[in-house]
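See below for the structure under consideration.
In what follows, chains carry the letters A, B, and so on, assigned in the order in which the sequence lines appear, proteins first and then strands, with residues in each chain numbered from 1.
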Protein chains: 4
Amino acid sequence: MAPRMVDKEARRREILAAAVRVFARKGYAEARIEDVAAEAGLAKGTIYLSFPGREALLAGVFEEYAARSAAVLDALGEGPALTRLERLVRGTVETLAGHRDHAIVMLRLWATAPPLDMAAVYGRHREVIADLLRQAAAEGALRPGVGERHATLVVGLIEGCLLQWLADPAVDLAGLADDIVALGVEGVRA
Amino acid sequence: MAPRMVDKEARRREILAAAVRVFARKGYAEARIEDVAAEAGLAKGTIYLSFPGREALLAGVFEEYAARSAAVLDALGEGPALTRLERLVRGTVETLAGHRDHAIVMLRLWATAPPLDMAAVYGRHREVIADLLRQAAAEGALRPGVGERHATLVVGLIEGCLLQWLADPAVDLAGLADDIVALGVEGVRA
Amino acid sequence: MAPRMVDKEARRREILAAAVRVFARKGYAEARIEDVAAEAGLAKGTIYLSFPGREALLAGVFEEYAARSAAVLDALGEGPALTRLERLVRGTVETLAGHRDHAIVMLRLWATAPPLDMAAVYGRHREVIADLLRQAAAEGALRPGVGERHATLVVGLIEGCLLQWLADPAVDLAGLADDIVALGVEGVRA
Amino acid sequence: MAPRMVDKEARRREILAAAVRVFARKGYAEARIEDVAAEAGLAKGTIYLSFPGREALLAGVFEEYAARSAAVLDALGEGPALTRLERLVRGTVETLAGHRDHAIVMLRLWATAPPLDMAAVYGRHREVIADLLRQAAAEGALRPGVGERHATLVVGLIEGCLLQWLADPAVDLAGLADDIVALGVEGVRA
DNA sequence: GATGAATGAGAATTCATTCAT
DNA sequence: TATGAATGAATTCTCATTCAT
């Protein structure tokens with residue numbers, strides 16, 4: 001409530017944004033606190049007023065990603081299960097496509113920092129999708145033979161295309177959303 | 001103090017194997033030369049008899065992976081294009097599934113070490129698959145509307161499932177091969 | 001823990017002075033960065049704030065010497081050539097005698113570090129002296145038979161006496177100035 | 001007396017010769033045992049059969065130099081003192097000029113290795129020369145006003161010219177012998 | 001004796017973190 | 001609050017020395 005609070009929070013976000021840019025550029029392992037400070041236009045020591053240490057920057061970045069990721073799952077709205085699944089796919093792809101730096105950082109963190117529990121993140125995604133598939137089955141919208149195992153494929157399609165796009169910006173991730181939906185969602189419709 | 005003069009090449013492989021295990025455990029960034037030496041049952045300095053420096057361990061691991069990867073593409077044999085595509089998918093998945101540590105390391109390197117040109121690796125995979133898809137189309141084996149763009153989805157399916165398996169060993173990658181083939185190969189048959 | 005922000009340039013000079021003392025004591029080859037830091041009353045890492053690396057300490061020491069050396073040649077003033085030659089001899093000896101540590105370091109660097117072009121340093125001295133000898137000859141102040149080759153002997157006298165003084169402080173270098181002048185300058189007067 | 005003895009001694013000399021070449025090239029500080037071994041056409045470990053360690057190579061080189069140096073002082077023959085002094089000067093210069101590598105190494109060792117007592121070496125030279133000067137005075141061959149202090153100048157002339165020749169091979173050391181004698185010996189004749 | 005693989009102490013350098021100003 | 005000089009633990013790499021073959 002004190003204006004300080006606002007300042008503090010804004011400062012935190014500025015630093016986190018700078019950290020994402022630096023991490024995307026050099027990876028966490030190569031990113032020096034000083035690099036982040038410079039990117040944020042601050043002095044080294046000032047970072048420590050907002051974060052207890054270098055690792056806290058990681059945690060901060062992860063939290064932002066998790067929040068964004070959860071927001072997609074929370075905004076599927078109403079309608080037939082497969083429609084919501086389509087929204088999930090498109091929403092996820094759009095969110096990722098709109099924050100390439102962040103996506104790169106997450107991949108790097110994923111691959112680098114064991115403490116980040118990506119198994120849980122993917123597991124949560126699979127669960128939500130499996131749930132939608134169960135509902136779709138109940139709605140009779142699912143082709144026979146397609147079950148919850150399909151959730152892994154849908155997550156895989158999204159993440160695998162993301163991977164290729166991260167490795168090679170020439171890959172058109174946004175454009176792939178249609179293909180992913182066609183194969184992964186429409187392809188299993190009864 | 002242990003002048004056990006092992007074959008130079010065998011020694012290299014031993015060290016590389018130790019490096020893969022250590023990298024898989026802690027990531028390249030956290031892996032100390034001393035860790036690799038200890039894992040290999042050698043002294044620090046001994047590593048330098050086989051490798052000029054820390055980064056050379058990376059290069060060595062990458063070479064092994066690239067060789068294994070290329071071997072799959074070179075062993076598709078004869079037959080209808082979609083049959084060969086199926087072999088590619090199963091071969092890739094099996095190869096990855098058989099070397100989890102190695103796969104983890106490759107992902108970490110991918111995400112961490114800019115010099116590794118994963119864009120080229122994925123690009124090569126997509127090209128081979130696109131070629132098979134073109135042949136399948138020529139053979140009239142492909143459903144209308146499916147084209148070379150599908151190559152990205154197939155690569156994505158494989159890599160995306162790999163990703164989930166790496167994050168969570170409970171995911172049954174080998175078992176997913178059937179699903180991937182069903183969706184990505186059989187699913188596009190005319 | 002000691003953010004005493006000294007003037008950057010002053011700090012550089014302090015470190016350089018410490019380096020000269022340490023180098024004189026143990027030689028560059030044996031001097032550890034940590035030794036220099038300790039001598040300067042600083043922590044190891046602090047040295048790196050003023051110098052990019054160990055070798056830069058060498059370069060710094062050499063620069064100081066070169067500047068001092070050039071100053072003597074630039075301050076010969078006016079008067080007969082042999083008078084100026086005497087000033088050169090006395091000035092050089094005094095300068096060296098006043099900085100024994102520095103002289104030791106320079107000899108060590110000279111003998112140790114190939115990049116230091118002592119041939120050029122001696123060559124320059126010989127040239128200046130040869131020039132004075134030519135002028136002296138033109139002034140009719142030079143004994144017949146003495147020519148530019150005598151420059152090498154004068155430089156040799158100075159450096160050779162310096163050498164003995166460095167090896168054995170009991171040698172009275174300052175006192176030798178008179179002898180050097182008597183033999184090398186007055187000894188060739190017409 | 002056993003042939004072994006001969007072999008051992010020959011082997012020692014070969015290694016020492018190799019060491020001198022390597023030291024002259026890179027300086028003691030930069031010379032690796034392996035470099036010396038390679039120069040001698042031997043394996044690293046073989047050096048240790050003839051020398052207890054790296055420093056012993058230094059000592060060996062120094063001994064050779066000392067022996068050569070002493071030989072000159074011991075071969076002044078008979079005749080007037082100033083004639084013997086001239087022989088000393090020419091002998092020393094010739095000896096040095098004939099072993100440039102060795103001279104470079106000695107300078108480097110001198111400047112690098114505190115345990116080598118160069119003060120004693122120079123002191124011995126000065127003593128011998130001072131003795132000759134005393135005899136010359138007794139013979140009435142010395143100009144009034146020239147005394148034992150002149151010994152330092154003679155040593156200085158030799159060493160100072162040596163220094164310039166070592167720094168710059170274009171300096172003609174052998175040719176300088178005449179000049180040194182003219183100035184340092186003939187120049188003080190009564 | 002000769003070899004050279006193996007060892008590990010030691011040194012330069014980096015950078016997260018602290019804290020006087 | 002913001003700063004950045006100072007610190008020193010930690011890491012890579014070198015190389016003298018040892019010793020099994």
Side-chain angles (χ1 to χ4, degrees), chain A residues 4 7-8 11 29-38 40-57, chain B residues 1-8 11 15 29-38 40-57, chain C residues 1-8 11 15 29-38 40-57, chain D residues 4 7-8 11 29-38 40-57:
Chain A
R4 270 309 124 105
D7 287 351
K8 265 258 192 171
R11 166 60 53 90
E30 293 305 307
R32 309 290 149 235
I33 285 277
E34 181 127 39
D35 299 328
V36 174
L42 298 171
K44 219 179 345 167
T46 309
I47 301 295
Y48 287 86
L49 299 178
S50 299
F51 293 86
R54 191 170 171 265
E55 297 216 354
L57 290 171
Chain B
M1 288 190 184
R4 194 118 318 270
M5 201 266 250
V6 188
D7 168 34
K8 213 89 188 295
R11 168 54 51 91
I15 293 174
E30 294 304 309
R32 307 292 145 233
I33 285 276
E34 183 129 35
D35 299 329
V36 175
L42 298 170
K44 208 180 358 151
T46 307
I47 302 296
Y48 288 89
L49 296 179
S50 298
F51 294 87
R54 192 171 169 266
E55 297 216 353
L57 290 172
Chain C
M1 287 188 184
R4 193 116 319 267
M5 202 267 249
V6 189
D7 168 35
K8 212 91 188 292
R11 167 54 51 90
I15 292 174
E30 293 305 308
R32 309 288 147 237
I33 285 276
E34 183 130 36
D35 299 330
V36 174
L42 298 171
K44 212 176 355 152
T46 308
I47 302 296
Y48 289 88
L49 297 179
S50 298
F51 294 87
R54 192 170 170 266
E55 297 216 353
L57 290 171
Chain D
R4 271 308 127 102
D7 287 351
K8 264 257 192 175
R11 165 60 54 88
E30 292 305 307
R32 309 290 151 237
I33 285 277
E34 181 127 39
D35 299 328
V36 175
L42 297 170
K44 216 179 348 167
T46 309
I47 302 294
Y48 287 86
L49 299 178
S50 299
F51 293 87
R54 191 169 171 264
E55 297 216 355
L57 291 171

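Atom CD of C:Glu34 is separated from atom P of E:dA12 by 9 Å (rounded to the nearest Å). Summarising the geometry, the separation between CG on D:Asp7 and C1' on E:dG1 is reported as 11 Å, rounded to the nearest angstrom. As rounded to whole Å, 10 Å separates atom P of F:dG4 from atom CG of A:Leu42. Look at CG on C:Leu57: it is 14 Å from C1' on E:dA11, rounded to the nearest Å.
Here the closest heavy-atom approach between residue D:Lys44 and residue D:Ile33 is recorded as CG-CG2, 3.8 Å.
Listed by chain and number, the residues in a side chain to side chain contact (heavy atoms under 4.5 Å, CB included) with A:Ala37 are A:Ile47 (sequence neighbours excluded). With sequence neighbours excluded, no residue satisfies side chain to side chain contact (heavy atoms under 4.5 Å, CB included) with D:Ala38. Not a single salt bridge (charged side-chain N to carboxylate O under 4.0 Å, His left out) links C:Glu34 to another residue, sequence neighbours left out. By the side chain to side chain contact (heavy atoms under 4.5 Å, CB included) test, B:Ala43 pairs with B:Thr46, sequence neighbours left out.
Dashed line: the shortest gap from a side-chain N or O of C:Arg32 to OP1 or OP2 of E:dA12 is under 4.0 Å. Contact between the side-chain N/O atoms of D:Arg11 and the OP1/OP2 oxygens of E:dG1 is not found at any separation under 4.0 Å.
Comparing C:Ile33 and A:Glu30, the nucleotide of DNA chain E nearest to each residue sits closer to the 5' end for C:Ile33.
Atom CG in C:Leu42 sits 8.0 Å away from atom OG in C:Ser50 (nearest 0.5 Å).
At a threshold of 4.0 angstrom between heavy atoms, the contacts of B:Ala37 with the nucleic acid are absent.
Within residues 44-53 of chain A, the residues having any heavy atom closer than 4.0 Å to DNA chain F are, in order of number, A:Lys44, A:Gly45, A:Thr46, A:Leu49.
Of all nucleotides listed (F:dT17, F:dC13, F:dT7), F:dC13 comes nearest to the side chain of B:Arg54.
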DNA chain F in dot-bracket form (Watson-Crick or G-U pairs under 3.5 Å, [ ] crossing, | inter-strand) is .||||||||||||||||||||
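Within the 4.5 Å cutoff, no side-chain heavy atoms of C:Leu49 are placed close to those of C:Arg11.
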